[in-house]
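To start, the structure itself, in structure tokens.
Quick note on labels: first sequence line is chain A, next is B, and so on, each numbered from 1.
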Amino acid sequence: MKSLESAASPSDPSSVLLAAEGISKRFGITQALDDVSVTFLAGEIHALMGENGAGKSTLGKVIGGLHRQDTGTVRIAAGPGQMRELTPGSIDDAFHAGVRIVHQELAQCPNLTVAENLSLHDLPRTRMGLLDRRAMTERAAALVHRLEPGIDVEAPLGLLSPGRRQICQIAAALDDRSASGGSSPRVIVFDEPTSSLSIAETERLLEITRKLAAGGITIIYVSHRMGEIFAVCDRVTVLRDGKFVATSRVRDLDEPTLVEQMIGRRLSTPTGKLPSLAAEGGHVAHPGKPLLKVSGLSSASKLSDISLEVREREIVGIGGLVGSGRSELLNAIFGLDVHARGRVDADGKVISGGGPRAAIEAGIGYVPEDRRLQGLFFLLGVGENTVVPYMKRLARALGIRNQAGESRLIRDRFAEFRVKAASPASLPGELSGGNQQKLLIARWMGEGTKVLLLDEPTRGIDVGTKAEIYKLVRAAADAGAAVLLVSSEMPELLALSDRILVMANGKVTGELRDGEMTQANILKLATAEREMPAGQEAKDAGRVLPAR
Amino acid sequence: MSQSEHPAARPSFFKRILQAQESGLILVILLMGLLLTARGGTKPGEMQRIPLPEAATVADVDGVLVISSPTDEPLRAVRAALGDGGKGLSNIRITSGGQSVSAVSASNPRVLDGPPRALLVSGSESKFLNSQNLVLLATQASFIAVMAVGMTAVIILGGIDLSVGSIYGLAAVIGAFSLRALQIRFLGPGADVLNASAGGAPWLVAIPVGIGVCCLVGALCGVFSGSLIVGLRVHPFIITLGMMAILSGLVFVLTGGQSVSGFPESFTKGFMKMPAGKVYPVPMLIMGLMMLAGMFVLSQTVLGRRIFAIGGNETAATYAGIPVGRVKITVYTISGMLAGLSAAMYLGYYGAAAPGAGQGYELDVIAAAVIGGASLSGGRGSAFGAVLGALLVQMISNGMLVLEIDQSYTQIVKGAAIVVAVVLDQAKARLAPVGR
């Protein structure tokens, strides 16, 4: 990577692999991109940064041919000193030129196996014209195992963890088809590649990214995560409100400057070096009465014998790898897991067995992991989205809606949580990701909320909104709520939590308090194997919960 | 001016009309009405009897009826009946008091001799655009429309109910048995239920029994399929497909293939087919009522919004604590009940239950709901649209008659209409702002 950099200085036009020139793109009333020009050099890792709605994803999609720009051209190096223009909006042409896009929402068929997904474009045939399963499996294994040897390519894709699914997508992007008359990958656009990955998987991905770039592939890295940018990227281009702000070498930048470029002002609490938002020592020493009590919660193979307690004014973080059972735990507490066995008490009332309604009535609010799939109703207005769980409680006789009461609640929550929407009738799709998330938090953080379950509450949202959400969560706890927070973002987990429980394989492997709360300790407990003798290593890292 | 300032905040009047949920449908209905009026041709209208004064003279001159009247009365009456002037050859010439002369054309004018003397004329009227045809169209549409309101709720929920036609058939048959039993009870055993011109069950009993039994049967069928869909987690298509076959089989077992009739008159001529002037408005009134009820429930009640929420994102609905299963069973029950209500309307209006009643109605009902804007992927639809859709579906059948096209083509046109409606709906969705 370093050698490439020295060989190809940014001012040398001959090393330009891809150039986006004067790109503008409008969606309805939103000018997503406004005359943006960026050049990408051969073999560099080039970050596109910006807040949500800044246009970085849109630019990635224009380059990959998923979106057709209104004006401007994308050109790619074709032969020595020559550039050719890519057909706007043509995935085929971009693909043929070697531009690949790894996108979180890109279509995959979860019902097909990994191998089938990787070969969909060109299923191998035997001489008889039948499907050549063996060739298909071999090809898939060759691609996938380079990145992650543990993946079973004959398993249905839908059964894999989000992280592994992401790796399969990257594997597909890496598929070199030059042998079969296709193209070999030259540019890979990563669109928020780590947003659903665990810490270990993120590390793995960054390693892969470095390797690819060292091999001469240009990586366009669209991300929010400051840490990753500084860890792997060579240059960074910042966009704001669809406009080009600056392209800089990462080593010439520091975090405050980058944040300033992104939001146009200096932020008092930049991410990455979050000041602790945990409660003052007094709170931890004298937390209130326990509001959430979980004892012996188990569910099939997902959870085994989990007991925990969250007290008034306390934020308990749950660390662990993706697939360790963190989201499953929250689901079970909220009553969504019909197979769950064990007891859950909220504010002194037994709610296990009562389903989500009992949980909501006991004052539990749950902001789930995936706001598109599990949170929002995209065909209903943002107002109704907020008020849905309370409609019944507010309603008059015979289930007739109390629209005055609903509007009042919507107005209050929107004001309190600063949800920016044109009107309660606007659709959630018109909101930025950060505002969508705030909408969901507003839904669940009312006066009646005693327990808050938050699953990745800041995934995929911009730094400004993140800081806002942190403050809201802390304020809710200070006002007396018990908060259980699942997060894969270490700085977030460390900054917000008063104490941290770490999970692995559906079990709580340890608890960290005060000074023990470090990234290294969390990772140690998160990777703790079941066979580990009496949690010996975990003990070094922190207190181990009384063994089952 | 305001357009250039805030193009998105206030779309132009035309665009708003275009994007309104049902405006396109109303436009299509109007256009189709226009087409049928223009292409449907005319038929002789109703005969009218115009008294002629004693002093008037009548003569037939080369096929033209020449009437000389001392007063203006006949001239005015004829003008009122046929409209001024006339197209084509005039075959009546009227002179009033030797002053005004008018020539009009009428189909087959005749003069009735014998006191008092009268002129019989009938004007020509559009085969489609005449009050009788339009009322008939609306009445026939009302049976479909009532069911389409329920189907819309099911489709908004993200489901489908293929069994409505069979539920309609079963409810009609059981309702018919009940009404006949009721009639026998009131007339006494051995009475001729089929030809009882008077007596029989009073309306206070007959109407609740007729509507109650039909709705109950429908609701029970709905509860059953709803519970199976929720309890067994089987796709509604499969469950209701099975129910469709089971129920229509049951109808034939129960009736032995025979029609059932002999209902209290208080339910038929006294209610569902109660004349008001020359029309029988009750089915249309029920249709209007159910449409309003559907609009109210879907927009103003907790249940209605939960239906939209589940159809839009069932997972999110579960996470928001909505009792998804219960709402689903309720919606299938309502759909079944409305099929029962429609069956009650049919019993009262036609006075008999045929064993094949309701067969194939599911196509019309689903077509009405979908044409009315219900999205088969769930989350969108309206009761008003469903009723408009039912009118359009019925208009297709009616138009075939008016245009004298072979009835066999009806299904083809209906099928095409569904496809066109869905394509237009999607095109309209693309006009909407991004992010949806």
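Checked by atom type and distance alone, the side chain of A:Arg401 never pairs as donor or acceptor with a backbone atom of B:Gln300 at under 3.5 Å.
Here the straight-line distance linking atom CG of B:Leu303 with atom CG of A:Leu398 works out to 12.0 Å at 0.5 Å rounding. Rounding to the nearest 0.5 Å gives a distance of 10.0 Å between CG of A:Leu336 and OG1 of B:Thr315. Here the CG-OH distance, from A:Leu330 to B:Tyr319, works out to 9.0 Å after rounding to the nearest 0.5 Å.
Interface remark: A:Leu394 contributes no atoms to any contact with chain B (heavy atom separation under 4.5 Å). Contacts between A:Asp370 and chain B at a heavy-atom distance below 4.5 Å are absent for every atom of the residue. Within the 4.5 angstrom heavy-atom criterion, no atom of B:Ser375 approaches chain A. With a threshold of 4.5 angstrom between heavy atoms, A:Ile400 approaches chain B through its backbone and through its side chain. Only the side chain of A:Arg443 comes within less than 4.5 Å of a heavy atom in chain B; its backbone stays farther off. Neither the backbone nor the side chain of A:Glu361 has a heavy atom closer than 4.5 Å to any heavy atom of chain B.
Around the CZ atom of A:Phe414, the shell of radius 6.0 Å holds more than 12 heavy atoms that belong to other residues, nucleotides or ligands.
B:Ile322 is listed as a side-chain neighbour of A:Val388, based on a closest heavy-atom distance under 4.5 Å. In this structure, the side chains of B:Arg306 and A:Met391 stay at 4.5 Å or more apart for every pair of heavy atoms.
Closest approach of B:Gly321 and A:Arg357 over heavy atoms only: O-NH1, 2.7 Å. Residues B:Asn313 and A:Arg372 approach most closely at ND2-O, 3.1 Å, considering heavy atoms. Across all non-hydrogen atoms, the minimal contact from A:Gly375 to B:Ala316 is O-CB, 3.5 Å.
Between chain A and the options B:Ala320, B:Gly312, B:Gly379, heavy-atom pairs under 4.5 Å are most frequent for B:Ala320.
Only one option out of A:Glu384, A:Lys392, A:Glu406 pairs with B:Arg305 in a side-chain contact (heavy atoms from CB on, under 4.5 Å); it is A:Glu384.
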